[in-house]
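Hydrogens, waters and symmetry mates are skipped; everything else that's a heavy atom, side chains included, is used. All chains are named by letter (A, B, ...) in the order of the sequence lines, taking the proteins before the strands, and each is independently numbered beginning at 1.
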Amino acid sequence: MLRHAARRLVSRTAAAPTARRALATAEVPAEAAEDSTFVEAWKKVAPNIEPPTTPLSLMQPRPPTPATIPTKLTVNFVLPYKSEIANKEVDMVIVPATTGQMGVLPGHVATIAELKPGVLSVHEGNDVTKYFVSSGFAFVHANSIADIVAVEAVPVDQIDPALVQKGLADFTAKLGSASTDLEKAEAQIGVDVHSALNAALTG
Amino acid sequence: MSATTAAVPFWRAAGMTYIGYSNICAALVRNCLKEPFKSEAASREKVHFSISKWADGKQEKPMQRAPALCGVWGRVLVASLTLACAMRGDRDSNPGPSGHRRCPLRR
């Protein structure tokens with residue numbers, strides 16, 4: 001019975017519009033790592049039993065949006081099978097958004113960008129690291145943290161130019177001979193991806 | 001109430017979902033890698049699934065699909081298999097409008 005009470009209390013606190021929402025754009029203060037609402041409610045119901053830890057208390061509080069623009073951008077770049085960049089402070093990242101190459105500097109406005117196949121470059125001082133991203137999303141938060149997620153990302157020097165040319169020729173031919181909508185779409189995707197790979201190799 | 005005049009990407013207009021588009025892009029990029037990266041990446045493309053038809057509320061013997069069907073063409077094959085099952089219209093493999101029949105192919 002007490003277990004159900006805890007569940008109901010947790011769901012009620014989860015419904016409250018607190019600053020935990022990742023896409024909140026208003027400036028929010030850092031939250032304490034204890035779930036105070038839950039603990040108070042628990043103490044009222046069961047004062048003699050230790051309150052359990054809730055997911056909120058185990059979560060790291062979201063870094064606050066500073067009053068002045070920070071000097072560095074914190075980047076997290078993750079793939080489904082590994083974390084490529086984790087909490088790295090850089091000067092700038094250029095992401096291949098569907099609306100064009102987008103440069104993200106510290107203090108960038110909060111943005112969600114869908115990525116197209118293209119080159120993602122991370123600029124740190126004089127070093128530039130380039131990855132070819134197949135597709136994904138880039139979330140830039142107001143506190144100068146950028147989260148980039150992609151399905152597949154490879155360093156540009158791991159791409160084989162001969163295979164790219166062959167693929168481009170193949171898919172261009174398929175695009176010419178495609179009949180159904182689905183075939184046309186797939187051929188178009190092939191042409192897009194291979195052209196982007198080509199541009200990444202030459203550019 | 002606005003009409004749906006939002007510009008949809010060409011792949012969505014052709015019936016593809018974002019996840020399908022994203023997986024196709026990833027598979028194409030993996031195909032263009034140099035060795036040895038290409039063989040390492042090939043293991044990421046493998047899809048294991050088993051299909052089983054349902055008849056009279058009973059599950060028949062499942063067909064184990066070997067992980068050979070992977071990547072772009074595996075997806076197309078799976079899509080056509082689902083379409084074939086759906087279009088055949090038989091009560092066995094088609095989840096009826098009542099919804100209590102479990103769909104055999106979970107993607």
Nearest heavy-atom contact between B:Asn31 and A:Leu163 is O-CD1, 3.5 Å
Do the side chains of A:Ile189 and B:Phe10 get nearer than 4.5 Å, heavy atoms only? yes
Is atom CD of A:Gln60 surrounded by more than 12 heavy atoms (other residues, nucleotides or ligands) closer than 6.0 Å? no
Between CD on residue A:Glu152 and CG on residue B:Leu33, distance to nearest 0.5 Å: 7.0 Å
Side chain, backbone, both or neither: which part of A:Val193 has a non-hydrogen atom closer than 4.5 Å to chain B? side chain
Within the 4.5 Å heavy-atom criterion, are B:Tyr18 and A:Glu114 side-chain neighbours or not? yes
Could you check whether any side-chain heavy atom of B:Lys34 comes within less than 4.5 Å of a side-chain heavy atom of A:Ile159, counting everything from C-beta outward? no
Tabulate, in ascending numerical order, the residues of residues 126-137 of chain A having at least one heavy atom closer than 4.5 Å to a heavy atom of chain B, or enter 'none'. A:Phe132, A:Ser134, A:Ser135, A:Gly136, A:Phe137
Residue among A:Val154, A:Leu197, A:Asp160, A:Val151 with most heavy-atom pairs under 4.5 Å to chain B: A:Asp160
Please check if the side chain of A:Lys166 supplies one atom and the backbone of B:Cys32 the other of a donor-acceptor pair under 3.5 Å. no
Quick check: under 4.5 Å, non-hydrogen atoms only, which of residues 85-108 of chain A neighbour chain B? none
Are B:Lys38 and A:Gln158 close enough that some pair of their side-chain heavy atoms sits under 4.5 Å apart? no
Please report the interatomic distance CD(A:Glu186) to OH(B:Tyr21), rounded to the nearest 0.5 Å. 12.5 Å
